[in-house]
Amino acid sequence: MAEIIDGKAIAEKIKSELLVSATAFEQKHGRKVGLAVIRVGNDPASAVYVRNKIKACEKCNIRSFSYDLDEAVADAELISLIHKLNDDVNVDGILVQLPLPKHINEREVLSEIAPKKDADGFHTVNAGKLFLGEKGCTVACTPRGIIELIKSTGVNISGKHAVVVGRSNIVGKPIAALLLANDATVTVCHSRTVNLKEITLSADILVVAIGKSKFITADMVKRGAVVIDVGMNRDENGLCGDVDFNGVKDKAGYITPVPGGVGPMTVAMLLSNTVDGAMHE
Ligand code: NDP
């Protein structure tokens with residue numbers, strides 16, 4: 001039976017440390033650390049994520065600036081808001097909640113955020129620095145949280161075979177780069193991968209981010225592996241991950257639950273990136 005990695009508890013501990021740092025920042029600078037959160041349109045899942053992020057800011061003594069823009073907003077208007085926030089001394093981090101409506105060019109919009117205020121770590125400069133192994137970049141929140149979760153198990157990443165299933169820009173690619181930076185031997189799988197099961201079965205560390213309910217089953221997991229489930233899928237029973245938790249938990253050594261695993265860490269790391277941004281200005 002696997003040990004359950006309690007992402008919620010680890011995230012709470014990180015947030016209590018952030019409260020201390022953010023309060024010290026306020027005492028020193030006479031203003032709070034600030035995070036601007038931009039939401040476009042009425043996607044219900046995005047509304048929940050944004051609400052959680054704003055609530056988490058309050059808990060950590062971070063001031064949030066919330067912008068809800070109309071679904072039909074023009075790229076130019078969104079970009080002009082970003083420029084305004086880039087110049088605002090009270091704003092240390094800027095987050096544009098994804099996905100954006102189809103008519104908006106996501107990459108173009110994200111590239112307008114000043115890299116030092118890029119709380120999500122999606123800017124090309126930050127992503128590029130991560131891949132080059134350069135210090136001083138903002139690392140994307142979900143991958144940063146995943147590394148913390150793996151480290152919390154006490155399993156040494158160095159030399160392990162880490163398999164990442166999914167190659168998105170926000171999870172798969174950056175977590176592969178981080179695992180590599182931590183000296184894992186990394187294999188990245190995706191929808192065209194042949195013999196996926198053969199590869200996942202050889203994983204000491206398995207990170208799954210594909211967006212398909214309970215896709216990874218026990219027969220695909222090596223006994224004793226660290227299994228990190230990034231998936232957040234809504235089905236008739238509520239929220240579930242990309243891993244068949246009930247089956248896999250009897251085979252893995254460590255496993256993250258959904259909810260209560262990667263999700264809370266993503267929020268904690270967003271706040272951590274914001275506080276780091278304020279400290280290094
Ligand atoms: P994307 O849809 O951007 O990417 C999915 C990836 O999975 C693609 O690379 C795709 O391959 C791959 N894939 C799809 N089907 C298969 C398959 N059958 N076998 C192998 N690979 C497959 O997803 P995201 O990375 O944005 O998100 C993944 C999941 O993680 C979602 O459930 C999302 O909600 C969740 N998520 C959770 C977060 C959290 O904080 N907990 C944060 C971000 C995401 P290809 O490239 O070939 O199409």
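Counting starts at 1 for both ligands and their atoms, in listed order.
- For atom 36 (N) of ligand 1, the candidate residues are Val258, Asn233, Val230, Val164; the nearest heavy-atom contact is made by Val230.
- Residue Gly172 places no heavy atom under 4.0 Å from ligand 1.
- Heavy atoms of Met265 found under 4.0 angstrom from ligand 1: none, in either backbone or side chain.
- Not a single protein heavy atom sits closer than 4.0 Å to atom 27 (O) of ligand 1.
- One finds the CD atom of Glu148 at 10.0 Å from the CG atom of Leu178 (value rounded to the nearest 0.5 Å).
- Near Val165, with a cut-off below 4.0 Å to any heavy atom, the atoms of ligand 1 are 20 (C), 21 (N).
- The closest non-hydrogen atom to atom 32 (O) of ligand 1, taken over His190, Arg192, Met232, Lys173, comes from Met232.
- Counting atoms of ligand 1 from 1 in the listed order, those under 4.0 Å from a heavy atom of Gly263 are 40 (O), 41 (N).
- Of all protein heavy atoms, the one closest to atom 10 (C) of ligand 1 is Ser191 N, 4.2 Å.
- Among all protein heavy atoms, the one lying closest to atom 44 (C) of ligand 1 is Val171 CG2, 4.0 Å.
- Residue contacts with ligand 1 leave out Cys189, since none of its heavy atoms falls under 4.0 Å from the ligand.
- Between the side chains of Ser158 and Asn156, no donor-acceptor pair of N or O atoms lies under 3.5 Å.
- Taking a cut-off of under 4.0 Å to the non-hydrogen atoms of Val262, the atoms of ligand 1 that pass are 41 (N).
- Contacts between Ile170 and ligand 1 below 4.0 angstrom, taking non-hydrogen atoms only, involve the side chain exclusively.
- Shown here, atom 2 (O) of ligand 1 is out of close reach of the protein: none of its heavy atoms lies under 4.0 Å off.
- Atom 9 (O) of ligand 1 has as its closest protein heavy atom Arg167 N, 2.8 Å.
- For Ser66 and Arg39, the side-chain atoms include no donor-acceptor pair closer than 3.5 Å.
- Within the 4.0 Å heavy-atom criterion, the part of Thr142 lying near ligand 1 is the side chain and not the backbone.
- The OG1 atom of Thr274 sits 9.0 Å away from atom CG of Leu18, with the distance rounded to the nearest 0.5 Å.
- Looking only at protein heavy atoms, the nearest one to atom 14 (C) of ligand 1 is Lys212 NZ, 3.7 Å.
- Residue contacts with ligand 1: Ser168 is placed with a nitrogen or oxygen under 3.5 Å of a nitrogen or oxygen of the ligand (distance criterion only).
- Of all atoms in ligand 1, numbered sequentially from 1 with element shown, those under 4.0 Å from a heavy atom of Thr266 are 39 (C), 40 (O).
- Interatomic distance, CD1 of Ile104 versus CD of Glu77, reported as 9.5 Å (0.5 Å rounding).
- Of the protein's heavy atoms, Phe215 CZ, 4.0 Å lies nearest to atom 17 (C) of ligand 1.
- The closest side-chain donor-acceptor pair between Asn105 and Asp75, if any, does not fall under 3.5 angstrom.
- Under a 3.5 Å cut-off, the side chain of Asp242 and the backbone N or O of Gly211 do form a donor-acceptor pair.
- How far CG of Asp68 is from CD of Gln97: 11.0 Å, rounded to the nearest 0.5 Å.
- With hydrogens and angles disregarded, no donor-acceptor distance shorter than 3.5 Å links the side chain of Asn126 to the backbone of Gly121.
- Of the protein's non-hydrogen atoms, the one nearest atom 12 (C) of ligand 1 is Ile210 CG2, 3.7 Å.
- Using a 3.5 Å distance cut-off with no hydrogens or angles, the side chains of Thr185 and His161 do not pair a donor with an acceptor.
- Residue-ligand proximity, Gly211 to ligand 1, at heavy-atom distances under 4.0 Å covers atoms 28 (C), 29 (C), 31 (C), 32 (O).
- Taken from CZ in Arg107 to OG in Ser111, the straight-line distance is 7.5 Å, to the nearest 0.5 Å.
- The heavy-atom pair separating Ala119 from Asn273 by the smallest distance is O-ND2, 2.9 Å.
- A salt bridge is defined here as a Lys NZ or Arg NE, NH1 or NH2 lying under 4.0 Å from an Asp or Glu carboxylate O, and Lys214 with Asp229 fails to meet this definition.
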